[in-house]
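First up is the structure itself, then whatever we jot down about it.
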2 protein chains.
Amino acid sequence: MTSKQTAIGRPRGFDADEALERAVLVFWARGYEGASLDDLTGAMGITRTSMYRAFGNKEDLFRKVLERYTEGPASYFARALREPAARAVATAFLHGAVHASTQPGCPTGCLGVQGSLAAGDTGAQARDILAAWREEGTAHLRRRFAAAVDEGDLPPGADPALLARFLMTVGNGIAVQAAGGAARDDLLLVADMALRTWPPVGSAGR
Amino acid sequence: MTSKQTAIGRPRGFDADEALERAVLVFWARGYEGASLDDLTGAMGITRTSMYRAFGNKEDLFRKVLERYTEGPASYFARALREPAARAVATAFLHGAVHASTQPGCPTGCLGVQGSLAAGDTGAQARDILAAWREEGTAHLRRRFAAAVDEGDLPPGADPALLARFLMTVGNGIAVQAAGGAARDDLLLVADMALRTWPPVGSAGR
DNA sequence: GGCATTCGGTACTGACCGATACCGAAGTTT
DNA sequence: AAACTTCGGTATCGGTCAGTACCGAATGCC
């Protein structure tokens with residue numbers, strides 16, 4: 001319906017993937033509500049008509065932008081999960097968050113945080129999508145740390161849910177700090193300070 | 001010009017302080033750009049005309065709302081700074097952030113974070129105001145910890161700037177988590193885990 | 001070549017945005 | 001009571017929002 005059909009009719013005159021990458025930067029910098037269709041289509045180099053035909057509507061575009069962001073600027077997250085040891089997972093996650101949130105040439109902060117945190121009616125759905133995105137990330141970390149407990153990589157009393165939420169909280173805070181202009185080096189020190197809670201003590205004695 | 005003049009003419013028919021408190025909740029829940037004047041005046045119980053006469057314009061209202069928020073829901077911050085020991089300051093700050101971000105009857109999260117994190121042209125000024133507000137908070141913490149080093153309350157090698165930024169980062173992360181629906185008890189555990197970096201080791205050996 | 005289909009572009013829709021001009025009414029001062 | 005000031009309310013301002021109808025042009029299939 002939208003694209004990948006048998007090639008009938010005039011072919012699209014722009015690269016949809018490249019246009020999507022441009023849209024990522026606009027939503028990232030201005031947020032869902034703050035990014036107008038003129039902002040988006042202007043950066044994408046296409047007209048409103050082409051955008052609607054290729055991506056649906058603004059909300060659909062935002063979903064696809066989030067997917068692209070996950071596979072691109074936020075790909076450090078999936079890589080962190082594949083680290084062999086729990087502490088390496090934590091380190092790669094926080095260092096990756098600092099790196100991605102302070103990348104030159106990209107907006108500061110994290111699309112998954114500042115895309116839509118508090119919003120009116122028009123941004124409510126984007127807000128919920130991002131909250132679910134962050135919660136999904138937390139769940140990935142939790143499962144990774146639960147596996148680490150099973151493997152003996154973490155002490156038996158360690159709480160995977162707490163460890164996951166702690167790391168995601170620090171990661172979110174790093175994104176807010178970066179959005180406010182914090183320097184990469186300062187945030188790396190913050191990340192290292194958070195990692196001083198590692199290895200976690202067992203919660204059995206609580 | 002706006003209010004506190006010699007009482008000439010018809011007196012104002014509403015309580016400006018109460019109206020301001022209602023406006024706090026609207027900006028808090030919907031963000032600067034997401035809060036329309038109809039949303040605001042509807043919750044404040046006044047007309048557009050009365051709002052403009054009493055508060056200036058939307059941006060002026062937002063500044064006054066932020067002041068009110070600082071003295072009200074965020075007053076835990078000033079109280080934390082007055083704790084006698086550095087560790088008590090850190091604990092009161094993070095626990096207060098959790099409490100304020102998950103207060104029943106109030107929007108979740110922190111106005112100073114979700115009020116305007118990424119925005120378009122109309123919300124850019126509010127975004128900068130909030131970034132400065134957070135940075136001011138960090139500076140307060142830094143000065144407090146610098147004094148603690150002088151008093152011998154913190155080790156001589158402790159880095160007040162790093163400690164302040166670390167705590168503000170965790171506090172901001174707590175606000176994002178709360179905005180996403182995280183439970184108060186879970187966030188209290190996160191705060192306590194962050195406090196396990198206390199007392200800070202000196203950075204002299206680095 | 002003829003037909004079907006999709007292309008990119010222009011112009012427009014109704015709705016909403018923040019802000020203001022104007023109004024009669026209500027209150028204070030003299 | 002007269003003069004003056006500010007009140008709350010209505011109606012409206014130009015501008016922008018997301019979304020769409022319609023256009024001629026360009027391309028692939030038969």
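Numbers restart at 1 for each chain; the letters A, B, ... are given by sequence-line order, proteins then strands. Atom set for the values below is all heavy atoms of this structure, side chains included, hydrogens, waters and symmetry mates excluded.
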Is [X] salt-bridged to [Y], going by a charged N under 4.0 Å from an acidic O?
X	Y	answer
B:D153	B:R87	no
A:E67	A:R63	no
A:R22	A:E18	yes

Tell me the interatomic distance from [X], atom [atom1], to [N], atom [atom2], rounded to whole angstroms.
X	N	atom1	atom2	answer
A:R30	D:dC17	CZ	C1'	13 Å
B:E33	D:dA18	CD	P	11 Å
B:F14	C:dG27	CZ	P	15 Å
B:K58	C:dT20	NZ	C1'	17 Å
B:L40	C:dA19	CG	P	11 Å
A:D121	C:dC17	CG	C1'	14 Å
B:R48	D:dC7	CZ	C1'	18 Å
B:L37	D:dT10	CG	P	17 Å

*Can the ring centres of B:F145 and B:W198 be said to be less than 6.0 Å apart?*
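Yes, close enough.
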*asked:* With hydrogens left out and only the distance checked, is there a donor-acceptor pair under 3.5 Å joining A:R53's side chain and the base of C:dG8?
replied: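 For A:R53, whose side chain was compared with the base of C:dG8, there is a donor-acceptor pair (under 3.5 Å).
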*Side-chain donor/acceptor of A:T49 to base of C:dG9, under 3.5 Å*: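 Between C:dG9 and A:T49, which were checked side chain against base, a qualifying N/O pair under 3.5 Å is present.
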Given [options], which nucleotide is nearest the side-chain atoms of [X]?
X	options	value
B:Y52	C:dT20, C:dA11, C:dG9	C:dT20
B:S36	D:dG9, C:dG8, C:dG18	C:dG18
A:D38	C:dG8, C:dA19, D:dC17	D:dC17
A:R12	C:dG8, D:dT20, C:dA19	C:dG8

*May I ask you to check if A:K58 and A:F27 form a cation-pi contact, with NZ or CZ under 6.0 angstrom from the six-membered ring centre and within 45° of the axis?*
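Judged by the rule, A:K58 and A:F27 form no cation-pi pair.
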*Between A:D39 and B:I46, who's closer to the 5' end of DNA chain D by nearest nucleotide?*
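The 5'-side residue here is B:I46.
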